[in-house]
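Everything below concerns the one structure shown next.
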Amino acid sequence: MTRTVAPLVEAIYEDVVRRNPAEEEFHQAVREVLESLGPVLARHPEYTELKTIERICEPERQVIFRVPWQDDRGEVQINRGFRVEFNSALGPYKGGLRFHPSVYLGIVKFLGFEQVFKNALTGMPIGGGKGGADFDPKGRSDGEVMRFCQSFMTELYRHLGEHTDVPAGDIGVGGREIGYLFGQYKRITNRYESGVLTGKGLTWGGARVRTEATGYGAAFFASEMLTARGTSLEGRTVVVSGSGNVALYAVEKAEQLGARVIACSDSAGYVVDEGGLDLEVLKQVKEVERGRLSDYAERVRSARHVAGGSVWDVPCEVAVPSATQNELDGEAAARLVRGGCIAVSEGANMPSTPEAVQVFRSAGTAFGPGKAANAGGVATSALEMQQNASRDSWTFEHTEARLERIMHDVHARCAEAAEEYGSPGDLVVGANVAGFLRVAEAMHAHGLV
Ligand code: NDP
Ligand code: 2IT
């Protein structure tokens, strides 16, 4: 890390690194927030005295557990499950579950930490948490995924509750997994507690627009940033990375807003089509068949599949990184800027490396950090909880209008905080400061907890 932070904040960061060894992603996420907080501490000495930052960096509770299950051949498999309950100042712990072989404590903590500020930015009553397992769903049968989810929930259920901790999906966890997890929770507890998980199916407590929400929200956020600069998404070329839940619906909404999405990716490569991607085929291949982008290129002749390459080689005006952390590095950012990229809206959590963020900020590229740009997913989860609590079910149009308004407000909160704390136009500073202030104020009111 080369950039400097205020000495007091630097000391806090050093302590976080010392207390959480070998958790690089967590260090990175903490560093990025702390770099914005110098001016906040200068104005709020009480947060130094009460060690509010130090408390925010220490999760309230961390659960790590064994997940044994049997695969289709009868062989015993053992995975490691996690739930980090980071901060409950604003509401029950809220945040997704990630099933991916790369999952370890450092990933879950970085995601949980980001979630605290993101959830605060939505203005809704939700605290921050995150969980998951180092389970790889790729190539596993439905039966294997179900047995894994049942074993995972058999331990996790005791830590959950609609007023305690409310998980949802993330990488590798979608509607199918939430279904198996909910079924097992209901069976163990003998409670039809709809509000204990979000991302549910529409016939059993799910909310319209939750599936689309993160991607739609990231496109709305791109649109907000461009509007603030006197322009729009209309007619713009867009590249979206990933081709999972967030990516597919970012493509859909960007197209609805008049943009042309020319490329997307998966972990094996990317597809590019200057005429624009065919979303129907893309959804069929990725959502329905759980296939690969090479299958898409075989069906859509105008598309070119590049195996193993980086989708950030494709020049565009707007980039929506929606795959995973640190997928876009400094060199890729410089290439994007040279190619005419004017806005980046992070659909994923921490997809840009610190070097990439620096490139975008110095180039004057409109940059929406994940904790603001992808907040539409968790915000719509909060709307799902609201519908569950009132046993209600809203229309698609009503829910989408709420989402659009929320993304507008998130952007406004970030822009105003950036202005007030001396970094006008810098949404990284704005998101960190606005998120921190809301959590810190509630923690202050709750005493030393
Ligand atoms: P999905 O599992 O639906 O899709 C993930 C996509 O990213 C897939 O295309 C996958 O490729 C690709 N990908 C995942 N890991 C890697 C990797 N290590 N290298 C390259 N490509 C990778 O997940 P989501 O769409 O739900 O999540 C995407 C991002 O958005 C994550 O950062 C997540 O934390 C974030 N997010 C998700 C929210 C949600 O509501 N789901 C809300 C807010 C943020 P392949 O198909 O080959 O595996
Ligand atoms: O990173 C995220 O915000 C999510 N994976 C969604 C969390 C949620 O509880 O909806």
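In what follows, residues are counted from 1 in the order of the sequence shown. Predicted model only: the values in this text are computed from it and were never measured. Counting starts at 1 for both ligands and their atoms, in listed order.
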Does any donor atom in the side chain of [X] or [Y] lie under 3.5 Å from an acceptor atom in the other side chain?
X      : Y      : result
Ser243 : Asp266 : no
Asn79  : Trp69  : yes
Tyr157 : Gln184 : no

Check for me whether [X] has a heavy atom closer than 4.0 Å to any atom of ligand 1.
X      : result
Gly96  : no
Met350 : no
Gln325 : no
Glu327 : no

Exercise. With backbone taken as N, CA, C and O and side chain as the heavy atoms from C-beta onward, which portion of Ser322 lies under 4.0 Å from ligand 1: side chain, backbone, both, or neither?
Worked result: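 Ser322 to ligand 1: backbone contact only, side chain stays beyond 4.0 Å.
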
Exercise. Where does Glu287 meet ligand 1, judged by heavy-atom distances below 4.0 Å: at the side chain, the backbone, both, or neither?
Worked result: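 It is neither part, as no heavy atom is under 4.0 Å.
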
Exercise. Does an N or O from Asn374, backbone or side chain, lie closer than 3.5 Å to an N or O of ligand 2?
Worked result: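 N/O-N/O distance below 3.5 Å does not exist for this pair.
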
Exercise. Is the closest N or O pair between Pro167 and ligand 2 shorter than 3.5 Å?
Worked result: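 Among all N and O atoms of Pro167, none is under 3.5 Å from an N or O of ligand 2.
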
Applying a 4.0 Å heavy-atom criterion (strictly less than), which segment of [X] is in contact with ligand 2: side chain, backbone, both, or neither?
X      : answer
Arg98  : neither
Asn349 : side chain
Glu114 : neither

Problem set entry | Proximity flag Gly370 to ligand 2, non-hydrogen atoms under 4.0 Å |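 It does not, in that no heavy atom of Gly370 comes within the 4.0 Å cut-off of ligand 2.
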
Exercise. Taking the minimum heavy-atom distance to atom 41 (N) of ligand 1, which of Thr324, Asn245, Val311 ranks first?
Worked result: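 Looking at heavy atoms only, the winner is Asn245.
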
For this session: Would you mind finding which of Asn349, Thr380, Leu248 brings a heavy atom closest to atom 32 (O) of ligand 1?
Result: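 The nearest heavy atom belongs to Asn349.
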
Would you call [X] and [Y] a salt bridge, taking side-chain N to carboxylate O under 4.0 Å as the test?
X      : Y      : answer
Arg301 : Asp278 : no
Asp295 : Arg299 : no
Glu155 : Arg158 : yes

Exercise. N/O of Lys130 under 3.5 Å from N/O of ligand 1, yes or no?
Worked result: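 For ligand 1, there is no N or O atom that lies under 3.5 Å from one belonging to Lys130.
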
Exercise. Just one of Arg98, Glu114, Lys118, Gln115 clears the side-chain hydrogen bond (donor to acceptor under 3.5 Å, both in side chains) bar with Asn349, so which one?
Worked result: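 Running side-chain hydrogen bond (donor to acceptor under 3.5 Å, both in side chains) over Arg98, Glu114, Lys118, Gln115 with Asn349 returns exactly one hit, Lys118.
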
Exercise. Checking side-chain hydrogen bond (donor to acceptor under 3.5 Å, both in side chains) against Tyr104, which of Arg80, Glu25, Glu23 comes through?
Worked result: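 The single option meeting the side-chain hydrogen bond (donor to acceptor under 3.5 Å, both in side chains) with Tyr104 is Glu25.
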
Exercise. Is the Tyr192 to Phe182 ring centre distance short of 6.0 Å?
Worked result: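 Tyr192 vs Phe182: aromatic centres under 6.0 Å.
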
Problem set entry | salt bridge (Lys or Arg N to Asp or Glu O under 4.0 Å) between Lys200 and Glu384, worked out | CA-CA 9 Å; Lys200 299 181 294 297; Glu384 182 171 334; 2.7 Å; yes

For this session: Using a distance threshold of 4.0 Å (strictly less than), state whether atom 20 (C) of ligand 1 has a protein heavy-atom neighbour.
Result: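 Answer yes: something from the protein, a heavy atom, is under 4.0 Å.
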
Exercise. What is the nearest protein non-hydrogen atom to atom 23 (O) of ligand 1, stated with its residue, atom name and distance?
Worked result: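 Among all protein heavy atoms, the one nearest atom 23 (O) of ligand 1 is Ile171 CA, 3.4 Å.
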
Exercise. For ligand 2, which atoms have a heavy atom of Lys130 less than 4.0 angstrom away?
Worked result: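 Answer for ligand 2: 1 (O), 2 (C), 4 (C), 5 (N).
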
For this session: Measure from NZ or CZ of Arg208 to the centre of the six-membered ring of Phe396 and say whether it is under 6.0 Å with the direction within 45° of the ring axis.
Result: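 Geometry flag: not set, cation outside 6.0 Å or 45°.
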
